[in-house]
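A short worksheet on the structure shown next.
Hydrogens, waters and symmetry mates are skipped; everything else that's a heavy atom, side chains included, is used. All of these numbers come straight from a predicted model, not from anything done at the bench.
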Amino acid sequence: GSNPLLVSIFPNPAKKQMALKTTLPYEGQLNLLISDVNGKLIGDMDLRDLKKGEQIIDLSEKLNLSEGVYHFNFTFNGKFSKVERVVIKH
């Protein structure tokens with residue numbers, strides 16, 4: 001079926017400031033795995049108790065990434081997943 005998970009990182013390319021915009025089909029948990037272009041895991045984050053609908057989550061304080069290209073792999077409630085390509089430029 002269709003994937004109900006909508007996620008985007010902005011701005012992209014990002015510098016220090018970065019936020020996640022997501023629209024969720026129902027409340028739940030979003031897991032984020034961050035890897036570099038070679039597939040090496042750089043970091044992970046669990047965003048719990050998220051509400052249904054659209055929300056914006058500031059990631060600036062939570063992530064400290066070097067300049068480069070990353071893959072942000074989101075999984076919602078262990079079911080739906082989506083990968084966003086994110087460029088970091090300082």
Side-chain angles (χ1 to χ4, degrees):
S2 63
N3 189 341
L5 179 60
L6 297 172
V7 290
S8 62
I9 298 287
F10 70 95
N12 190 4
K15 292 187 180 178
K16 291 284 185 207
Q17 298 298 315
M18 190 190 323
L20 161 67
K21 181 179 178 182
T22 179
T23 304
L24 301 176
Y26 40 83
E27 54 188 50
Q29 176 173 312
L30 201 56
N31 302 98
L32 168 59
L33 293 177
I34 301 170
S35 57
D36 65 15
V37 285
N38 300 315
K40 181 181 173 213
L41 188 64
I42 303 294
D44 63 291
M45 186 185 307
D46 288 336
L47 301 166
R48 301 174 192 277
D49 301 322
L50 298 177
K51 304 284 182 255
K52 177 183 175 179
E54 184 181 294
Q55 49 219 312
I56 293 175
I57 300 159
D58 188 356
L59 299 178
S60 306
E61 299 299 313
K62 300 180 175 72
L63 299 177
N64 188 10
L65 297 173
S66 306
E67 200 166 278
V69 178
Y70 298 90
H71 292 148
F72 282 40
N73 194 329
F74 295 94
T75 306
F76 178 62
N77 282 3
K79 291 181 185 170
F80 306 106
S81 58
K82 184 158 191 268
V83 178
E84 282 282 298
R85 186 173 176 274
V86 179
V87 179
I88 309 286
K89 290 184 175 176
H90 294 311

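- The aromatic rings of F74 and F72 sit tilted relative to each other, their planes meeting at an angle between 30° and 60°.
- Counting only distance, with no hydrogens or angles, the side chain of T23 and the backbone of G53 share no donor-acceptor pair below 3.5 Å.
- For residues 81-90, the set of pairs meeting the side chain to side chain donor-acceptor pair (under 3.5 Å) definition, not counting sequence neighbours, comprises K82-E84.
- In the hydrophobic clustering of ILVMFWY residues, with side-chain heavy atoms under 4.5 Å counting as a link, L32 and I88 come out together.
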Query - Intermediate values then yes/no, side chain to side chain contact (heavy atoms under 4.5 Å, CB included), I9 and L59 - result: CA-CA 9 Å; I9 298 287; L59 299 178; 3.8 Å; yes
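- Note that CG of L65 and OH of Y70 are 5.0 Å apart. Values are rounded to the nearest 0.5 Å.
- F76 approaches Y26 most closely through the heavy-atom pair CZ-O, 3.0 Å.
- Of all heavy-atom pairs spanning P25 and K52, the tightest one is O-CE, 3.4 Å.
- A 4.5 Å side-chain heavy-atom check between L24 and Q55 finds at least one atom pair inside the cut-off.
- Evaluation of the side chain to side chain donor-acceptor pair (under 3.5 Å) test over residues 39-48, restricted to residues two or more places apart or in two chains, returns Q29-R48, N31-D46, D46-R48.
- In this structure, E61 places its CD atom where only 12 or fewer heavy-atom neighbours from other residues, nucleotides or ligands lie under 6.0 Å away.
- In this structure the side chain of L50 reaches within 4.5 angstrom of the side chain of I57, judged on heavy atoms.
- Placement of V37 and V87 within a single hydrophobic cluster is found when ILVMFWY residues are connected by side-chain heavy-atom separations under 4.5 Å, directly or transitively.
- By the neighbour-count criterion of 12 heavy atoms within 6.0 Å, atom CG of D49 is sparsely surrounded, having that number or fewer from other residues, nucleotides or ligands.
- In terms of hydrophobic clustering, with Ile, Leu, Val, Met, Phe, Trp and Tyr side chains grouped at heavy-atom distances under 4.5 Å, I34 and V86 are assigned to a common cluster.
- One hydrophobic cluster, built from ILVMFWY side chains closer than 4.5 Å, cannot hold both V69 and V83; they sit in different ones.
- Here the side chains of L5 and T75 are not in contact, with every heavy-atom distance at 4.5 Å or above.
- In this structure, the side chain of N77 does not engage the main chain of K79 through any donor-acceptor pair within 3.5 Å.
- Side-chain contact between L20 and L47 is present, with at least one heavy-atom pair separated by less than 4.5 Å.
- Annotation: side chain of M45 is in contact with side chain of L63 (closest heavy-atom distance under 4.5 Å).
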